[in-house]
2 protein chains.
Amino acid sequence: MMKRIPDVVVRRMPLYLRAVEDFARREHEVVSSQELGDWTGLTPAQVRKDFTFFGEFGKQGIGYNVKFLRQQLREILRISENVHVGLVGFGNLGRALAHYLIDSHVTDNPEFGSPDKLRVTAAFDVDESIVGTDYRGMPIFHVDRLSEIVHEHGIKIIVIAVPARHAQAVATKCAEAGVKAILNFAPVTLNVPDEVKVHHTDLTLELQSLAFYTA
Amino acid sequence: MMKRIPDVVVRRMPLYLRAVEDFARREHEVVSSQELGDWTGLTPAQVRKDFTFFGEFGKQGIGYNVKFLRQQLREILRISENVHVGLVGFGNLGRALAHYLIDSHVTDNPEFGSPDKLRVTAAFDVDESIVGTDYRGMPIFHVDRLSEIVHEHGIKIIVIAVPARHAQAVATKCAEAGVKAILNFAPVTLNVPDEVKVHHTDLTLELQSLAFYTA
DNA sequence: GATTGTGAACGGATTCACAGCA
DNA sequence: TGCTGTGAATCCGTTCACAATC
């Protein structure tokens, strides 16, 4: 029964969640694959097919119950439980990311009943002038304590926002500490064991590939 | 002869450029598809196939001349000419992006002979307290002047770093002003004419999809 | 009548495997 | 011999189309 779920499908699930939360906010009771498709820019067939990887959430002739679908998606993405995120690198980019993550609806969506439990609970840096301080209640540790704190806080995901030359060392440490997933903002290809999932966001690569289309 | 080039291929080209610049830095004269594959984490066959979309850059039995390949890739990505980039939204994220773009090797790689000509030349915001000021020589304009400045500076790419609720309006303005490509950091799906290329970087979506793998 | 869930068809991207050339 | 360039084969994700169901 447990078919392997393609990565592309997993990447679309949060988008469906965002869509269904919007329908919920607008107090729709049900939503069709057609409506979800319009909202996300995908085909209705794709929406339905994607869902089948995880189960049968709809009713034929009717559509999907918004509340039920929302809950299912939250469970699939595990944001109905607590997922702790660590942030390594508290320079310019790191601070901007922390600001965004702590303020935005990612970490808290209170007007809407159920706050996300995807939480940035610790930051790491090497700069002694900020190690030991707090950012909006989030403690900043020295990177040397990464492994220790990852275990203590049960951190599962690490966001890497350090300079390129340090990124691989941090990634290796993360892998050793048992981190499950890494979101890498440094402009280097990371080498980690297969069991660690890596997503890479690279401003340089994005801009350079867009430059191709400026003809 | 001019076959259509798949988007996935275009997205890999900057990675090849980064690889070949590294080989150049280490003073290799030639590089094989095998070596490029190891560096990038792709298969040699894929590297070769990707290149064929743009021409024949190698010598059979030998490999690719590093200097020549580098030049070819820079021309393909149009970073041998000037490409002007504008940044809309100069809050926390926008400032961090500006900092990164202005300092990093994206915009300038002088130790290496030929600086990239992908340059952030203007920022836009609505905050009157920063409009009219400079950031490291980059002027900050009011968003109302977007179209005017885009034409004046010949801006081809816009980076959107505004709050979600304003992103669509900005994107529409960009499209009207003739911008060729948009890099969107706001957590919304943008609706623009097909001739405008959009890449989307969404921290929320990335983290939520990674959360799936934390089981 | 409407809409889901899904097997089958399709299409596009990756990999294979080898001919051709240095 | 070594490595590129590429047609053929394969793999994988998307779309189609329709039976099942409300």
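Each chain gets a letter, A, B and so on, in the order the sequences are listed, and its residues count up from 1.
- Rounding to whole angstrom units, CG of residue B:Asp50 and P of C:dT14 are separated by 7 Å.
- Running 5' to 3' along DNA chain D, contacts with non-hydrogen atoms of chain B at under 4.0 Å begin and end at D:dG2 to D:dA8.
- In summary, of the residues considered (B:Tyr64, B:Phe51, B:Trp39), a ring-ring contact (aromatic ring centres under 6.0 Å, His included) with B:Tyr16 occurs for B:Phe51 alone.
- Contact annotation: the side chain of A:Gln208 never approaches that of B:Arg18 to less than 4.5 Å [non-hydrogen atoms, C-beta and beyond].
- For the pair A:Lys59 and B:Leu42, nearest-nucleotide mapping onto DNA chain C gives the more 5' position to A:Lys59.
- Among the protein residues, B:Phe57 comes within range of the sugar-phosphate backbone only, with heavy atoms under 4.0 Å from sugar or phosphate atoms but none that close to a base.
- Between B:Met13 and B:Leu73, the closest side-chain pair of non-hydrogen atoms falls below 4.5 Å.
- Of all heavy-atom pairs spanning B:Leu17 and B:Arg74, the tightest one is CD1-CG, 3.8 Å.
- Between A:Phe23 and A:Leu36 there is a side-chain heavy-atom pair separated by less than 4.5 Å.
- One can place CZ of A:Phe51 at 9 Å from P of C:dG5, the figure rounded to the nearest angstrom.
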Contact string for nucleotides 6-12 of chain C, one letter per nucleotide 5' to 3', B = base within protein heavy-atom range under 4.0 Å, S = sugar-phosphate only, - = neither, reads BBB----
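- Remark: B:Arg26 engages B:Asp22 in a salt bridge, criterion side-chain N to carboxylate O under 4.0 Å.
- Annotation: side chain of B:Phe124 is in contact with side chain of B:Ile149 (closest heavy-atom distance under 4.5 Å).
- Side-chain contact check for A:Leu203 versus B:Phe185: some heavy-atom pair is nearer than 4.5 Å.
- In this structure, the CE atom of B:Met13 is 15 Å from the P atom of C:dA13, given to the nearest Å.
- Residues of residues 60-68 of chain A having a heavy atom closer than 4.0 Å to DNA chain C, listed by number: A:Gln60, A:Gly61, A:Ile62, A:Gly63, A:Tyr64.
- The distance from atom CD of B:Gln34 to atom P of C:dT15 is 13 Å, rounded to the nearest whole Å.
- Proximity of A:Arg12 to A:Gln46: side-chain heavy atoms (C-beta onward) are separated by under 4.5 Å at one or more points.
- Using a 4.5 Å heavy-atom cutoff, the side chains of A:Val88 and A:His166 are not in contact.
- A:Leu36 has its CG atom 12 Å from the C1' atom of C:dT3, to the nearest Å.
- Under 3.5 Å, the side chains of A:Glu176 and A:Thr172 contain no donor-acceptor pair of N or O atoms.
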